[in-house]
Number of protein chains: 2
Amino acid sequence: MNRPKTSARVTSTQVAKLAGVSRTTVSFVLNDVPQMGISEETRERVLLAARQLGYVPNAAARSLVSGATRTVALVVPHNEHLKVDNFIPRMLAGVNETCHARGYKVLFEPMIEAGRPGRFVDLVDSRRIDGLIVLNVPRSEDAHLAHLAAEGFPLVVLGSNLDAHAGIYSIDVDTREAARTATRHLLALGHRQVAHIGFAPNEYHGVSERLYGYRDALREFGIEMDPERVAFANFSAQSGHEAMRALLAREVPITALFAGNDTIAFGAIAALRDAGLRVPEDVAVVGYDDIPLAAYAAPPLTTIRTAPYEQGCEAAALLVRLIAGEQPAERHSTSPVPLIVRASCGTPRVAA
Amino acid sequence: MNRPKTSARVTSTQVAKLAGVSRTTVSFVLNDVPQMGISEETRERVLLAARQLGYVPNAAARSLVSGATRTVALVVPHNEHLKVDNFIPRMLAGVNETCHARGYKVLFEPMIEAGRPGRFVDLVDSRRIDGLIVLNVPRSEDAHLAHLAAEGFPLVVLGSNLDAHAGIYSIDVDTREAARTATRHLLALGHRQVAHIGFAPNEYHGVSERLYGYRDALREFGIEMDPERVAFANFSAQSGHEAMRALLAREVPITALFAGNDTIAFGAIAALRDAGLRVPEDVAVVGYDDIPLAAYAAPPLTTIRTAPYEQGCEAAALLVRLIAGEQPAERHSTSPVPLIVRASCGTPRVAA
DNA sequence: TTGTAGGCGTTATCAT
DNA sequence: ATGATAACGCCTACAA
């Protein structure tokens with residue numbers, strides 16, 4: 001069979017031989033280096049030869065000499081999160097879309113592997129990537145990131161505390177303000193016994209931001225935060241279910257819930273249902289993220305729209321600029337996070 | 001400050017110099033080549049020097065000479081799918097977990113970028129990856145895969161038609177049988193007007209497999225498939241919602257639905273609700289995949305458990321074996337797909 | 001307009 | 001037991 005072999009043991013030397021030119025010429029043509037004065041005819045011949053042989057340059061060789069890999073990594077705290085929530089998948093979609101459009105491949109890396117910190121820094125040190133996007137940094141990893149940023153390595157941080165990462169480029173939403181908005185919404189509807197379930201253990205920046213926002217809103221209404229009405233889950237619906245059961249078991253009256261993410265909200269709602277409570281009649285619920293299913297659940301969920309896909313796109317676009325050597329003046333971008341009102345909070349209730 | 005610089009312009013030559021040995025020795029020590037008789041003392045010195053300098057071998061250089069990249073790619077049909085369904089994220093979690101545990105990085109690649117076929121084959125040709133896992137191959141890409149497999153490139157296919165990929169290693173479930181099971185469940189409950197919504201356009205193997213299984217089950221009960229009761233969606237809840245509306249608009253009586261995936265099932269259920277129909281009282285619904293939220297929805301969804309995480313793990317484990325040069329005799333692994341019965345189908349109904 | 005030569009950082013084959 | 005030396009495939013001055 002005479003079909004071009006795409007098996008890629010093809011080297012530029014072979015292309016050169018077939019085209020009857022030197023490797024240099026091949027290189028010039030294929031990377032179309034301008035001003036090098038390659039005759040149109042030679043050009044054609046080289047291109048033809050390359051196509052016939054199914055030539056694709058060896059990435060390792062190229063990156064060895066150029067120092068670039070055209071690859072970036074997206075680092076997330078834990079693989080596990082992919083399974084139970086869809087914030088990360090949507091963000092990955094955005095990162096992937098934008099990176100591919102700009103010629104970059106995306107490595108998906110968990111920060112924690114099998115219980116212990118993965119060495120994502122090795123990716124940098126071994127020069128496997130040109131840049132890094134890091135999501136939801138646990139406090140324990142702040143130092144590593146600061147170090148990388150100080151060295152000038154292209155780095156964008158998502159979903160983190162601006163203070164902790166002052167010198168680092170970040171794409172984020174104002175989580176605290178969003179949490180305030182969500183909680184205020186419940187308070188404005190007349191609720192005074194508002195519970196909160198964090199979406200993760202408290203070592204994540206995003207978790208404490210929500211907690212602060214929740215507390216802020218309560219204070220605005222002259223209410224002091226009651227630890228008895230606060231619980232922490234772990235990303236999944238199941239953990240939300242358990243957290244809600246725990247809250248109910250404390251037998252503190254609760255008429256509303258601000259959940260740290262939508263998935264947890266759904267778990268909590270199921271727990272309320274199991275306990276014979278109706279949503280929104282007995283307990284109003286606000287979620288966080290606006291996952292695609294939020295609009296289609298029963299009841300449809302009132303929630304904060306964080307638009308992770310768009311955040312991912314923005315982070316990737318910024319990263320590519322950093323890789324290109326640009327140094328944008330603004331280091332922090334904060335997008336708005338609207339409250340999407342649906343049926344899960346019902347109508348205003350008369351003050352108790 | 002005297003902290004080891006991890007910035008990794010450190011080369012093995014520098015380590016050699018600091019340790020007072022040659023680069024060869026450094027290489028032997030770091031890759032601990034056995035039988036090479038390196039004195040314990042030299043060993044220590046090299047290791048110390050490497051640590052002091054924060055030496056990490058350059059991946060490109062290493063892969064250039066070794067021919068291996070310790071990277072694999074997971075190819076999925078479209079980025080978009082990440083956003084709306086969580087089958088792929090869970091599978092990615094499995095692939096990622098297993099690959100990282102075995103020292104491989106994972107590149108996440110869409111097969112279709114911005115509407116046109118991405119050249120995932122270039123990853124192979126440019127030798128950026130040592131192996132490939134491909135999910136849900138559209139028929140149009142069958143030939144490329146056959147070609148790669150014929151060349152002996154390590155390749156595992158997921159969620160595809162076994163006939164179409166006879167010579168290719170695959171991890172899969174018996175989709176057709178699962179669809180039969182799901183549909184039979186509805187028929188056994190007394191339903192005779194069973195609709196089906198495919199999870200994607202019909203160019204995917206998985207979609208037609210479900211359709212065949214659906215048809216098989218109907219036939220077992222002496223019913224001929226009615227195209228008027230079949231619609232196709234596009235992964236998302238929204239598309240499920242639209243498909244259900246379309247079905248309802250046809251005004252063909254329907255008492256049960258087998259949805260191509262859970263996300264679509266939820267969209268469809270919302271459409272039924274919007275139309276004033278109750279689930280399960282008026283329409284029974286079976287989903288497909290058992291996404292984590294299925295158990296927490298109202299009503300909890302009866303569905304087929306496809307366990308994508310486990311499939312991902314299995315695929316990755318197999319791929320790593322293939323990369324290592326093994327040639328397992330069995331090319332196809334098929335895992336069981338149990339029907340998980342919850343509340344969305346209600347109780348047996350009297351025959352109409 | 002094209003060819004020659006050196007180097008990117010490793011690994012691996014030889015001598016010593 | 002260790003150290004030169006030659007690849008790996010590509011890019012890019014520089015020379016012709």
Side-chain angles (χ1 to χ4, degrees), chain A residues 7-47 49-50 53-70 122-130, chain B residues 7-47 49-50 53-71 122 124-130:
Chain A
S7 87
R9 292 231 165 260
V10 186
T11 135
S12 71
T13 310
Q14 297 175 40
V15 176
K17 202 182 300 171
L18 180 58
V21 298
S22 75
R23 292 206 330 272
T24 313
T25 310
V26 172
S27 178
F28 284 162
V29 171
L30 264 43
N31 302 332
D32 41 27
V33 181
Q35 241 76 15
M36 261 312 160
I38 304 285
S39 77
E40 192 52 37
E41 190 251 324
T42 322
R43 232 184 95 72
E44 291 297 332
R45 228 174 39 234
V46 171
L47 255 27
L53 295 169
Y55 173 70
V56 179
N58 180 305
R62 178 179 274 195
S63 116
L64 184 56
V65 58
S66 73
T69 61
R70 314 254 1 154
D122 283 354
L123 283 174
V124 179
D125 291 344
S126 65
R127 310 207 96 71
R128 277 173 86 127
I129 54 173
D130 298 340
Chain B
S7 86
R9 292 229 166 258
V10 187
T11 131
S12 70
T13 310
Q14 297 175 42
V15 177
K17 202 182 300 173
L18 180 58
V21 298
S22 75
R23 294 206 326 275
T24 312
T25 309
V26 172
S27 177
F28 284 160
V29 170
L30 264 44
N31 302 330
D32 41 25
V33 181
Q35 241 76 13
M36 263 312 161
I38 304 285
S39 78
E40 193 52 37
E41 190 250 324
T42 321
R43 231 184 96 73
E44 291 297 333
R45 229 178 32 237
V46 171
L47 255 27
L53 295 170
Y55 171 70
V56 178
N58 179 304
R62 179 179 273 195
S63 114
L64 184 57
V65 57
S66 73
T69 60
R70 314 260 353 159
T71 304
D122 283 354
V124 179
D125 291 344
S126 65
R127 312 208 92 74
R128 277 173 88 128
I129 54 174
D130 297 341

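A note on names: the letters A, B, ... follow the listed sequences, proteins ahead of strands, and every chain is numbered from 1.
In this structure, A:L30 places its CG atom 8 Å from P of D:dC11, rounding to the nearest Å. Protein atom CD of A:E41 is 8 Å distant from nucleotide atom P of C:dT2, rounded to whole Å. Between B:Q14 atom CD and C:dC8 atom P the separation is 12 Å, expressed in whole Å.
Atom CG of A:L64 is separated from atom CZ of A:R127 by 11.5 Å, given to the nearest 0.5 angstrom. B:E44 contributes atom CD, which lies 9.0 Å from atom CD of B:E41 (distance to the nearest 0.5 angstrom).
Contact between B:A19 and B:R45 at its shortest, heavy atoms only, is O-NE, 2.8 Å.
With B:V26 as the partner, the side-chain contact (heavy atoms from CB on, under 4.5 Å) test is satisfied by one option alone out of B:L30, B:V29, B:T24: B:L30.
In this structure B:S27 satisfies the side-chain contact (heavy atoms from CB on, under 4.5 Å) test together with B:N31, sequence neighbours excluded.
Listed by first and then second residue, the side-chain hydrogen bond (donor to acceptor under 3.5 Å, both in side chains) pairs that reach into residues 56-70 of chain B are B:T69-B:D130, sequence neighbours excluded.
Among the atoms of the strands shown, none is found under 4.0 Å from any heavy atom of A:S63. Using a 4.0 Å heavy-atom cutoff across all strands shown, A:S66 reaches no nucleic acid atom at all.
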- Just by protein heavy atoms under 4.0 Å, how would nucleotides 3-10 of chain D read 5' to 3' in B, S and -? BBBB-BBB
